[in-house]
Each structure stands twice: as structure tokens, then as C-alpha cells.
Amino acid sequence: MGRGKLRIYLGAAPGVGKTYAMLSEAHRRVERGTDCVVAFVEHHNRPRTEVMLHGLEQIPRKQLDYRGSVFTEMDVDAVLLRAPAVALVDELAHTNVPGSRNAKRWQDVEELLAAGIDVVSTVNIQHLESLGDVVESITGVRQRETVPDEVVRRADQIELVDMSPQALRRRMAHGNIYKSDKVDAALSNYFRPGNLTALRELALLWVADRVDEYLTEYRSEHRVSKIWGSRERIVVGLTGGPEGRTLIRRAARLAEKGAGGEVMAVYIARSDGLTSASPKELAVQRTLVEDLGGTFHHVIGEDIPVALLDFARGVNATQIVLGSSRRKTWQYVFGPGVGATVARESGPDLDVHIVTHGEVAKGRGLPVARGARLGRSRIIWGWLVGVGGPVVLAVLLNTVDLGLANDMLLFLTVTVAAALLGGLLPALASAAFGSLLLNYYYTPPLHRLTIADPKNIVAIAIFVGVAVSVASVVDLAARRTHQAARLRAESEILSFLAGSVLRGETSLEALLERVRETFGMESVALLERAGDVDPWTCAGSVGPQSPKRPEDADVDMPVGDHMALALSGRVLPASDRRVLAAFAAQAAVVLDRQRLQHEADQAKELAEGNRIRTALLAAVSHDLRTPLAAIKAAVSSLRSDDVAWSEEDQAELLEAIEEGADRLDHLVGNLLDMSRLQTGTVTPLIREIDLDEVVPMALGGVPEGSAELDIPETLPMVAVDPGLLERAVANLVENAVKYSPTDEPVLVSASAMANRVEVRVVDRGPGVPDEAKDRIFAPFQRYGDAPRGAGVGLGLAVARGFAEAMGGTLNAEDTPGGGLTMVLTVRAVDSLPDLATATAGRQAS
């Protein structure tokens, strides 16, 4: 029996209809006579889904005891014993209860597939292992149940169950997904429109990539070389010249005209590496194409038109963008050019665009890599061998007769040695001098610069030709070897610099030390000055007695108009200045980064001080007024002679004075702490505490019955300053009560999400439009037609200042059904619930 086939219904979020679609497919198969059973389907108490289970055979679940609770899981053995043709298995990423046959449900599915049973399953995009970090950054929730991407990719069929965020939220509001008591929290947290839109995009892109893989695999298996224009793929041919930027922008505009357009810039270099484009210009073009959403490719090819067409066909491109030739008119005698050749050989399925630009017919002018100098000592030895070697060899050969042929081979050996040591010129000198000595001493008539036998003339000519040819080849090989070693060293250095940029390293001294070690210098300094006539100052240096001015250094590399990298120790050759310029530019970047970071830190401290100062002044003018007014009213009543107060009334007034004084004392203490925060002498007193110890105290300033409290006991502890948290929540509640209808109490609830806890103050008032949600937190802002007696608009500013001082956040959201919800987020202390708690919660829902 062969392996079973796997079909997966993929969704962007819970509630899009994956299970419903799976059950609908099961009914269709049963109607066709297929043996189909329900191995495990969770309907989550959704009526419409539960109805779809009617008429389908269900395999009884296996019960497991874990930590005193009973859980149900799929009975793999029962399904294997039943051996249906198709089994429905919901929630592929589910984690089985400890004690189950396998740790994960997808492993159970693998057993069913291995037994030849076809499986239909479901999974959400957030449960794919590779997308865990992306999903957490979007939703703030880390998915603990995941399935390896490869398991889903191996599926025979993947069907996307799609639904717009608005439609899904309507389903949620109607109670089709969760129970009514969980709808508001779900809509305000995980099921926000932004979250759902981002998850939907992830699902669509993942499925699109999978379809692209299917297409590529099919084309490869069936050896399809013809281009299929399933979507626009535009290849831009770059030469490294300045016209490349124009071509890239033109290709980007072409890609924007079609849905899903893709731009791929390709630079084709010859394998010998002798002719190359400007690395700086290629780096600029690479950045440009990546900024425009495309990709950059570097390809090696001897025949540029062939390599370009092979690349385009290999990526299933539909268009090629090339620039008009930069060759002058007379250069066309060597051939039609790359653009004409590509257009001729592209065929009917590949469009070629020739784009004009400002460099047309101005000459190619690409830089050619020059041979590196071989070094002074090596050249000297080459000349010594090339000139002195033939003399020494002639003296030795005068003592023994080896014959003209052997003599010529020995002189040729000296010429090759001169080429190896000193290059071409010493070798040419050796060949010329050696031919004269051969003619004078060893070619009849001897001791005369004449040759009697014509055969010897041919032999001498062949000797000179072979000597020059061998010397040229040896010289070229030696120079290329030296050049390759040098370029490899340069690439390692430039790679280090690029890596330091990516890693964000900001140590100027470490970079200058690397410069000193790389070039073997005694000291290195980065100098700068404010203007052309201002004195130089040292921004950073390494080594003893670093130069104070560029004029005092052995080597100086300008960086802009008022900065220079100065090195002392030796004079560098001109060939080293390119790498030195890269180091100098990087040093300037590092220095700017250090200063920007320092300025950012200072700005952050200043902003923090201003924020705390604003919150402090707001609290003084806003929160001190209420207790002072209550105390003054009670004292004035007691001192009044117009009313005879009973003992009960006096006790009540005295109690009001005491409560106002206590509240005033408590508030003044918090304000003093805030003033110390402003001066940097104290930090908020952050400690671990339960929310139910603080939040209830914040409701003392509002009328009884105007606010409801829902703080679960299972919430983790939070790391906050209790006094600041109490004042922040109190201001939020007072503001919510102010705008909420009298018959609609304000709801104060709390919930845990990942490593934070959210306190939500929900009212059913008129709400606030999106464009005004940030303004309401500014001081002296009152929204709508609030009366003057409602305050001066500092309560929310104070609350946000206190929240941020504790490392939390405070934001405003719409209340589902109308109203405004204030979301106060603080850091949680306890870890997330264990597996048993998470599993029990899932079973209960």
C-alpha cells in the first residue's frame, strides 16, 4: 500500500472557516461513496460547525489523565484499526497531552499517511515554525504550538481559506467564533484590523511562494524552457556604468504597471576578472534596486549576451531592460553589440527594451585592472639576473662545449628566470643581451657579430621569439598571481568593514587600531576641524605620538572638507590608498554614529525630564484641587455658626477631612518622587505586586456603582510602582466616568498577553475619532463639549506620563459597539502558563 495523500486547509486566523471547509469536503466525498471518518475535529462550540459533523462517522477519542484533569486526544490506534480511505484531523499544529503516542498531532498524521490513509487537516499561518518571530512582532503573542514548514510544504494539496478582516470581525461580533463574553477582548487584541491584515498578507504570500515552487518544479521536470508569463519578471542588464540607475528606475516603473511585478538586476563579469566595473557604482546600483524592492545578481560569463539570456530564461523572466550602447560608431566594426544581439536571440516570449540615456555613444570607458608592482627588490634582482646572468653563463660555457642547441636552452632559462623575478623588461633585456652573446661566442664565425650559416640566423630568431613569448607569459602570470592575492586581501578588509556596518559596531578606537595593524603603521589619528582656517583637533587616535595635523603625517587621507585620517610610520604606495579611503570613510561614519548616539541619549534624557516635569505640573494643578476642596468644604462647615451639627454629622465631616488629608499626603509623596525623577536622583520604586492590590484603590474617587472591576486572580504579578500605577488608573477611570452614560458603568478589566499585562478601562461614551486619539494625551486638551468644570484636560497627560515612567505604555482604542477604551500596558513578572493550563484553556473554549 502506498503512502496516503495530505490535503491542508490553510487560514490566516482562527474563524475564517477552515474546519467548516474541511467538513464540507468530507460530505462531498461521502456522497461520492468515499470511506471518510472524523478522526479528530474540534468545533469549539460553534453551532454551524457542529451541525456539519452530523452524518459523518466519528472515531471515539482517547481519554488521558494529566495532573488531575481528563483530556481527550485523537486515538491513532483506533483510526489505524478502522483503516478508512480518508481521515479528518483538525488543528495540525496541536500539542498532544503528555502521555500521548506522539508529542505533536502532525506526527500522528504522519503515521496515518504512512499507513496509506489520506488525511485532510487544517492549520493557521501563525503556526508555521519559520513565521514565529514575524507573527510575534505583529500580534505580540508568541505561538507555542507550531508545525515545521516542511510538513506543510510536503502536502499534496494546500487550499487557502481566505476572508477579509472586516468580514472576520463581523463574524466575531455576531458570536460565530467566540462566546459573547470574550468578543470585546478578542476584537481589541488579537483580532485588530491591522493584525488580521498582516496575517492575511503572510498567508497569501506563503501560498503564492508555494505555487511558484510548484510551477518551477513542473517546468524543471518537463524541461520547459519556454517562458510562461505568469507574472512580470523584469531583468535589468547592468554594465557598471552610470546609466545603470536610469535602467533600474525604468524597470521599476514597468514592474509597477503589472500585478506582482519583480525586478532583478544582473551584472555579468568575465571569468578572468581583468575588465571590471566600478565597485562603488555597482554598490550604489545594488542599493537602489534593493530600495525599489528588487534583487541584485552577480553572474560570471564569457559571452555576455548568452549569459544574460540564460539568466533571464532561468528565472522565467518576461522582459529585459538594456541601455543603448555606449560604443562609438567605429567600434561597431567589431560586432553588433550586446543590445542588438540580445534582441535578436531573445525569441518571441522575451521582450527587450532598449532605453536611451545620457552616456550613449560616449565610449565605454570601463576601468581596466592594472598589473600590480612587483616590488623594488624583486625588480632589482630581475635586472641583475637578466643582465648579469648571460655574462656569467657565457663565462661558464667558454670552459665546456655543449653545442649551440644546449647553449640556447641555457640562455633561454636565464631569460625565464629574469621574467619570474623582475617581469617583462628584465626578460626582454636578457633575451637581447643573450642573443648578442650567442652570436658573438657560439655562432660561426666566432667573436664576430655576423652569422655565416642561415640556419643559425633562424635559430637565433627563434630563440629571441621564444624568449620574448615565454617572458611575456611568465610576467603576466606573476602579475596576475600578485594581483589576485592583493585583491583577496582587499576583499577581506572590505568585507570586515561591511560586516562592522551591519553589526552596528561603534568603537572608533577599535577601527583605528585595525587600520594601524592592516597597514603596519606606528600610529593612526582621525583629525577634524570646524573650518578651513580653524585648528585641527583629534577625534580619536591609537599608537604613540599620533600626528596632530595632516601635514605631520606620513600618509593622510582626506574625508570630506574638514576631516582627515592621518597615519605615521611609512609612506604607502598609491595602490593601497583605495582600501585606506574605505577605512577613512568608515571612520567618519563611526564617529558620526557615536555622536548621533550621544545626542540621542541626551535628547532622550531631556525628553524624559520634560515629560516628567509636565506630568508633575499637571498633577499639581489637577489632582491637588479635589482633596483640598473637600477639606476646605468640611472645615468651613464645621466652623459655620449657622448650622448646629449633630455628632454624626461632625464625625462624617471629620472623616471626610481625614480621607482628603490622607489622599493629599499620598499624592504629595508621589509628586515628590516625581520631582526626584526629574533631577535624576531617584528612580520609580518598581516592585512585584498583584494588580488586585492596586487597581481597586484607584476607584475610590468615582461614585459607587459607576465602575465595574474584572481583575482575574490568575493574572501574573506585574513590575510597577504601586503609587504611580494607582494614580494612572484613577485618572483613566475618572475620565471614563466623566464621558460615559450614567446607566452604563465603566469596565476596568485586565488580561495577560505574552510578557505583559494590559489594564483596559472601557467606556460607552461618544468615543474619539482616530485623528484625535493622540491629541487627547496632550496637556490642557478636553475633547468635545466637556464643561469647564470637568477639568483643565491634564488627567490623561498625567496618566501617560506615569505609565511611561514605569516602562509601560498608554494608548486609546475604539470600544466595539461605541465608546473609548484606554489600554494601559505594564510588564509582567510571572512566566506564561504551563502546558496543562494552556491545554485546559483550549479544551474549555
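- With rounding to the nearest 0.5 angstrom, the CZ atom of R169 is 7.0 Å from the CG atom of L196.
- Looking only at distances, no side-chain donor or acceptor of R727 sits under 3.5 Å from a matching main-chain atom of A698.
- Inter-residue side-chain proximity for V41 and V38 is flagged as met; some heavy-atom pair is nearer than 4.5 Å.
- Identified under the salt bridge (charged side-chain N to carboxylate O under 4.0 Å, His left out) test for residues 807-816, with sequence neighbours left out: R192-E813, R760-E813, K773-D814.
- Contact of the E708 side chain with the V746 side chain is not registered, since no non-hydrogen atoms from C-beta on lie closer than 4.5 Å.
- With M806 as the fixed residue, the side-chain contact (heavy atoms from CB on, under 4.5 Å) test singles out one of L685, V718, V720: V720.
- Not one N or O on the side chain of S740 forms a donor-acceptor pair closer than 3.5 Å with the backbone of V737.
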Query raised in the report: Between V826 and R756, does a side-chain contact (heavy atoms from CB on, under 4.5 Å) hold up when you go through it step by step?
Result: CA-CA 6 Å; V826 294; R756 65 184 190 269; over 6 Å; no
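- The main-chain N or O of A167 is never found under 3.5 Å from a side-chain atom of R171 such that the two would form a donor-acceptor pair.
- Residue R101 qualifies as enclosed at atom CZ: its count of foreign heavy atoms under 6.0 Å is above 12.
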Query - Trace of the side chain to side chain donor-acceptor pair (under 3.5 Å) decision for T19 with D90 - result: CA-CA 7 Å; T19 305; D90 204 5; 3.1 Å; yes
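- Under the 4.5 Å side-chain criterion, counting only non-hydrogen atoms from C-beta, L168 is not in contact with P165.
- Remark: D692 engages no residue in a salt bridge (Lys or Arg N to Asp or Glu O under 4.0 Å) (not counting sequence neighbours).
- For the residue pair T815 and T821, a side-chain donor N or O sits within less than 3.5 Å of a side-chain acceptor on the partner.
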Query raised in the report: Would L23 and L56 count as a side-chain contact (heavy atoms from CB on, under 4.5 Å) if you check the C-alpha gap in whole Å, the side-chain angles of each, and the deciding distance to 0.1 Å?
Result: CA-CA 9 Å; L23 294 174; L56 298 176; 3.9 Å; yes
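- Under the 3.5 Å distance criterion, the side-chain polar atoms of E73 are matched with a main-chain donor or acceptor of V97.
- Side-chain contact check for N96 and N102: no donor-acceptor pair (N or O, by modelled atom type) lies under 3.5 Å.
- Between L160 and L204, the closest heavy-atom pair is CD2-CD2, 3.2 Å.
- For the atom pair CD (E688) and CE (M717), the distance works out to 5.5 Å, reported to the nearest 0.5 Å.
- Judged by distance alone, with hydrogens and angles left aside, the side-chain atoms of E145 form a donor-acceptor pair with the main-chain N or O of T95 at under 3.5 Å.
- The closest donor-acceptor contact from the side chain of S706 to the backbone of V702 lies at 3.5 Å or more, if one exists at all.
- Side-chain contact of D149 with S130: a donor-acceptor pair under 3.5 Å is present, judged by distance alone.
- Between the CG atom in N735 and the CE atom in M822 there is a gap of 5.5 Å [rounded to 0.5 Å].
- In this structure, W106 and P148 have side chains that are in contact, with non-hydrogen atoms separated by less than 4.5 Å.
- Atom OG of S636 is separated from atom CD1 of I631 by 11.5 Å, given to the nearest 0.5 angstrom.
- Under the side-chain contact (heavy atoms from CB on, under 4.5 Å) rule, V161 has a single partner from N124, V16, T122, which is V16.
- Nearest heavy-atom pair across L715 and A752 is CD2-N, 3.6 Å.
- Take E652 and apply the salt bridge (Lys or Arg N to Asp or Glu O under 4.0 Å) test, not counting sequence neighbours, and it matches no residue.
- Checked by atom type and distance alone, the side chain of Q107 pairs as donor or acceptor with a backbone atom of A103 at under 3.5 Å.
- Taken to the nearest 0.5 Å, the CZ atom of F777 stands 4.0 Å off from the CG atom of L810.
- Annotation: side chain of L10 is in contact with side chain of V123 (closest heavy-atom distance under 4.5 Å).
- Counting only distance, with no hydrogens or angles, the side chain of R800 and the backbone of T809 share no donor-acceptor pair below 3.5 Å.
- Here the OG atom belonging to S164 is positioned 6.0 Å from the CZ atom belonging to R200, to the nearest 0.5 angstrom.
- Between L654 and L638 the shortest heavy-atom distance is CD2-CD1, 3.6 Å.
- Scanning all heavy atoms of the two residues, the minimum distance from A799 to N731 falls at N-ND2, 4.0 Å.
- Under the 4.5 Å side-chain criterion, counting only non-hydrogen atoms from C-beta, V89 is not in contact with D108.
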Query raised in the report: Could you go step by step and tell me if V135 and L202 meet the side-chain contact (heavy atoms from CB on, under 4.5 Å) rule?
Result: CA-CA 9 Å; V135 173; L202 277 180; 4.2 Å; yes
Report task. Test R61 against D75 for salt bridge (Lys or Arg N to Asp or Glu O under 4.0 Å), laying out the working first. Result -> CA-CA 5 Å; R61 300 183 184 182; D75 193 337; over 6 Å; no
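- In the displayed structure, E136 atom CD is contacted under 6.0 Å by more than 12 heavy atoms of other residues, nucleotides or ligands.
- Residues L824 and F802 fail the side-chain proximity criterion, which asks for heavy atoms closer than 4.5 Å.
- Nearest heavy atoms, I711 versus A750: CD1-CB, 3.7 Å.
- At least one side-chain heavy atom of I8 sits under 4.5 Å from a side-chain heavy atom of L92.
- In terms of heavy-atom proximity, M52 sits nearest to S24 at CE-OG, 3.4 Å.
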Report task. Give the intermediate values and the outcome of side-chain contact (heavy atoms from CB on, under 4.5 Å) for residues V759 and V748. Result -> CA-CA 7 Å; V759 179; V748 182; 4.3 Å; yes
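- Ring geometry for F40 versus H94: interplanar angle under 30°, hence parallel rather than tilted (30 to 60°).
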